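First comes the structure, then the notes that go with it.
Numbers for residues simply follow the sequence, beginning at 1. Please read all numbers here as calculations on a predicted model, not as lab measurements.
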Amino acid sequence: MDKVAFIINPFSAKKNYQPFLNELKTKVNNPLYYVSESIPGTEEFIKSHFEEVDIFVAIGGDGTISTVAKNLIYTDKILAIFPAGSGNGFSNETQFSKNLDELLEKIKAKNSRKIDTFTVNERLSINVSGTGFDGKVVKEFEKTSRGFKNYIKVSLKTFFNYKPIKVKFFDEEYQQYNGRYLMMNIANTRQFGNNAYIAPKASKSDGLVDMVLVKKFPLTYSALFAFRMFTKRLKDDEYVTYLPVSEISFKVNTKNWHLDGEFNKIKSPIHVKVQPASLNILI
């Protein structure tokens, strides 16, 4: 399979990538692949094969996909995905499954389309990024062996002890939303992963992101919040506010962020900006 490169994150999928690699080798003659040792290593691999490769396949979770995507922004190169993360939010939203035959058929057809991405202080995000409660959850989650059960355990433990963050917007039209929040998310697609839809109306091709402001809610509301999130029914109410924006700036009194599920330290002030139609993705 010419002009295709496969980039494997060996730490995704509970560090069990060998079955994928074995299957790939039986179905593709002498595939070009790289088992990533680091982010710089991935970037160097892409750079060294950039001219001869048209499609780069990321095998991993949202963080892996984002690392590969960062090197393909505003080029004619195409991103493809084999989901192997704990949540797989972005691959769910872009219709990639864990079926290698299906992926290879898509690669042969080589159809693609452009989608939006966005930046948080010039750091790329392709799916959902945020701060507050979920930024803290991701920080603690990375200390575990991952998996959905551990995510729920960490979330519950964090919820009861977490003090709301303080957000202050610079633009006058948004200053009415200044205040304290359990969490703030910036959604280019609809879900975190695991079919948890934080922004059911978000679109990755409308030039906007949905800023989701969630106030700390009582325990009595938590079941309703979870039900709505897993059934695509979250909406504006007394605890949840949606702000569709193309660009926005604000201060927040925490440095703990997650970008596509990966923990990051980012200092305020924060500048969020959409990059319309900036990434080619296989369809």
*Does a side-chain heavy-atom distance below 4.5 Å link Leu259 with Ile266?*
yes
*Do Met184 and Val252 pass the side chain to side chain contact (heavy atoms under 4.5 Å, CB included) test, and can you show the C-alpha distance, the side-chain angles, and the key distance before you say yes or no?*
CA-CA 10 Å; Met184 166 193 284; Val252 60; 5.9 Å; no
*Would you check if the side chain of Asn195 reaches a backbone N or O of Gly87 as a donor-acceptor pair within less than 3.5 Å?*
no
*Which heavy atom of Ser246 sits nearest a heavy atom of Gly207, and at what distance?*
CB-O, 3.6 Å
*Do you know which two heavy atoms are closest between Lys77 and Phe50, and how far apart they sit?*
NZ-O, 2.9 Å
_Less than 3.5 Å apart, any donor N or O on the side chain of Thr131 or Thr254 sitting next to an acceptor on the other?_
no
*For residues Tyr33 and Phe6, establish whether the separation of their ring centroids is below 6.0 Å.*
no
*asked:* Please report the interatomic distance OG(Ser97) to CG(Leu103), rounded to the nearest 0.5 Å.
replied: 8.0 Å
_For a 4.5 angstrom cut-off between non-hydrogen side-chain atoms, does Asn185 reach Met211?_
no
*Output the distance between atom NZ (Lys255) and atom NZ (Lys265), rounded to the nearest 0.5 Å.*
6.5 Å
*asked:* Closer than 4.0 angstrom, basic N to acidic O: yes or no for Arg190 and Glu93?
replied: yes
*Would the number of heavy atoms belonging to other residues, nucleotides or ligands and lying under 6.0 Å from NZ of Lys273 be above 12?*
no
*For side chain to side chain contact (heavy atoms under 4.5 Å, CB included), just list the numbers for Val214 and Tyr181, CA-CA rounded to whole Å, side-chain angles, deciding distance to a tenth of an Å, and then say yes or no.*
CA-CA 6 Å; Val214 181; Tyr181 294 94; 5.8 Å; no
_Salt-bridge present (Asp210, Lys201; N to O < 4.0 Å)_ = no
*Should Ile283 and Gln95 be marked as a side chain to side chain contact (heavy atoms under 4.5 Å, CB included) after you check the CA-CA gap, both sets of side-chain angles, and the distance that decides it?*
CA-CA 8 Å; Ile283 58 173; Gln95 287 76 56; over 6 Å; no
*asked:* When you compare the side chain of Gln275 with that of Thr119, does any pair of heavy atoms fall below 4.5 Å?
replied: yes
*side-chain contact (heavy atoms from CB on, under 4.5 Å) against Lys110, all qualifying residues, sequence neighbours excluded*: Asp54, Ile55, Ile78
_If I take atom CG from residue Asn29 and atom NZ from residue Lys27, how far apart are they, to the nearest 0.5 angstrom?_
15.0 Å
*Any idea which heavy atoms bring Ala84 and Asn88 closest together, and the distance?*
N-OD1, 3.5 Å
_Looking at Lys114, I'd like to know if its NZ atom is crowded, meaning that more than 12 non-hydrogen atoms belonging to other residues, nucleotides or ligands lie closer than 6.0 Å._
yes
*About how many Å separate CG of Leu100 and CD of Glu23, when rounded to the nearest 0.5 Å?*
4.5 Å
_Asp237: partners by side-chain hydrogen bond (donor to acceptor under 3.5 Å, both in side chains), with sequence neighbours left out_ = Tyr221, Arg228
*Same cluster or not: are Leu208 and Val128 linked, directly or through other Ile, Leu, Val, Met, Phe, Trp or Tyr residues, by side-chain heavy atoms under 4.5 angstrom apart?*
no
*With a 3.5 Å cut-off and no angle check, do the side chains of Thr42 and Ser36 form a donor-acceptor pair?*
yes
_Between CD1 on residue Ile186 and CD1 on residue Ile198, distance to nearest 0.5 Å_ = 12.0 Å
*Distance only, no hydrogens: is a donor on one side chain within 3.5 Å (strictly under) of an acceptor on the other, for Asn264 and Arg123?*
yes
_Does anything in residues 164-180 form a side-chain hydrogen bond (donor to acceptor under 3.5 Å, both in side chains)? List the pairs, not counting sequence neighbours._
none
*Is it possible for you to say whether Leu224 and Val240 belong to one hydrophobic cluster, with membership spreading through side-chain heavy-atom contacts below 4.5 Å?*
yes
*Taking atom OG1 of Thr67 and atom CG of Leu72, what is their separation to the nearest 0.5 Å?*
11.0 Å
*Is Ile46 reachable from Ile107 through a run of hydrophobic residues whose side-chain heavy atoms are each under 4.5 Å from the next?*
yes
_Where Tyr242 and Ala199 come nearest, the two heavy atoms and their spacing_ = CE2-CA, 3.9 Å
*Ile81: which of Val68, Leu282, Ile281 passes side chain to side chain contact (heavy atoms under 4.5 Å, CB included)*: Ile281
*Assess Lys215 against Tyr239: is NZ or CZ under 6.0 Å from the centre of the six-membered ring, and within 45 degrees of the ring's axis?*
no
_Check: Asn99 side chain, Glu102 main-chain N or O, donor-acceptor pair, under 3.5 Å_ = yes
*Tell me whether the centres of the aromatic rings in Tyr197 and Phe230 are closer together than 6.0 Å.*
no
*So do the side chains of Val272 and Val245 get within less than 4.5 Å of each other, counting heavy atoms only?*
no
*Do Ile59 and Ser12 have side chains that get closer than 4.5 Å, going by heavy atoms?*
no
*Under the 3.5 angstrom rule, does the side chain of Asn9 hit a backbone N or O of Phe11 as a donor-acceptor pair?*
yes
*Minimum heavy-atom distance Asn280-Thr75, with the two atoms named*: ND2-O, 3.4 Å
*With a distance cut-off below 6.0 Å to the six-membered ring centre and an angular limit of 45° from the axis, does Lys106 pair with Phe96 as a cation-pi contact?*
yes
*Aromatic ring centroids of Phe225 and Phe217 under 6.0 Å?*
yes
*Sub-4.5 Å side-chain heavy-atom contact between Leu213 and Met183*: no
*Quick one: do Val53 and Tyr74 end up in the same hydrophobic cluster if we chain Ile, Leu, Val, Met, Phe, Trp and Tyr together by side-chain heavy atoms under 4.5 Å apart?*
yes
*asked:* Under 3.5 Å, is there a donor on one side chain and an acceptor on the other for Asp260 and Ser125?
replied: yes
*Can you name the closest pair of heavy atoms from Glu37 and Tyr34 and give their distance?*
N-OH, 3.6 Å
*Quick one: do the Asn127 and Thr189 side chains pair a donor with an acceptor below 3.5 Å?*
yes
*Could you walk me through whether Ile8 and Leu21 pass the side chain to side chain contact (heavy atoms under 4.5 Å, CB included) test, one step at a time?*
CA-CA 9 Å; Ile8 302 168; Leu21 190 52; 3.9 Å; yes
*Quick one: are Pro200 and Lys235 in side-chain contact, heavy atoms under 4.5 Å?*
no
*How about Leu124 and Ser66: do any of their side-chain heavy atoms sit closer than 4.5 Å?*
yes
*May I ask you to decide if Pro218's main-chain N or O and Ser222's side chain share a donor-acceptor pair within less than 3.5 Å?*
no
*Is it true that Glu43 and Lys47 have a side-chain N and a carboxylate O under 4.0 angstrom from each other?*
no
*For Glu122 and His271, does a side-chain donor sit closer than 3.5 Å to a side-chain acceptor?*
no
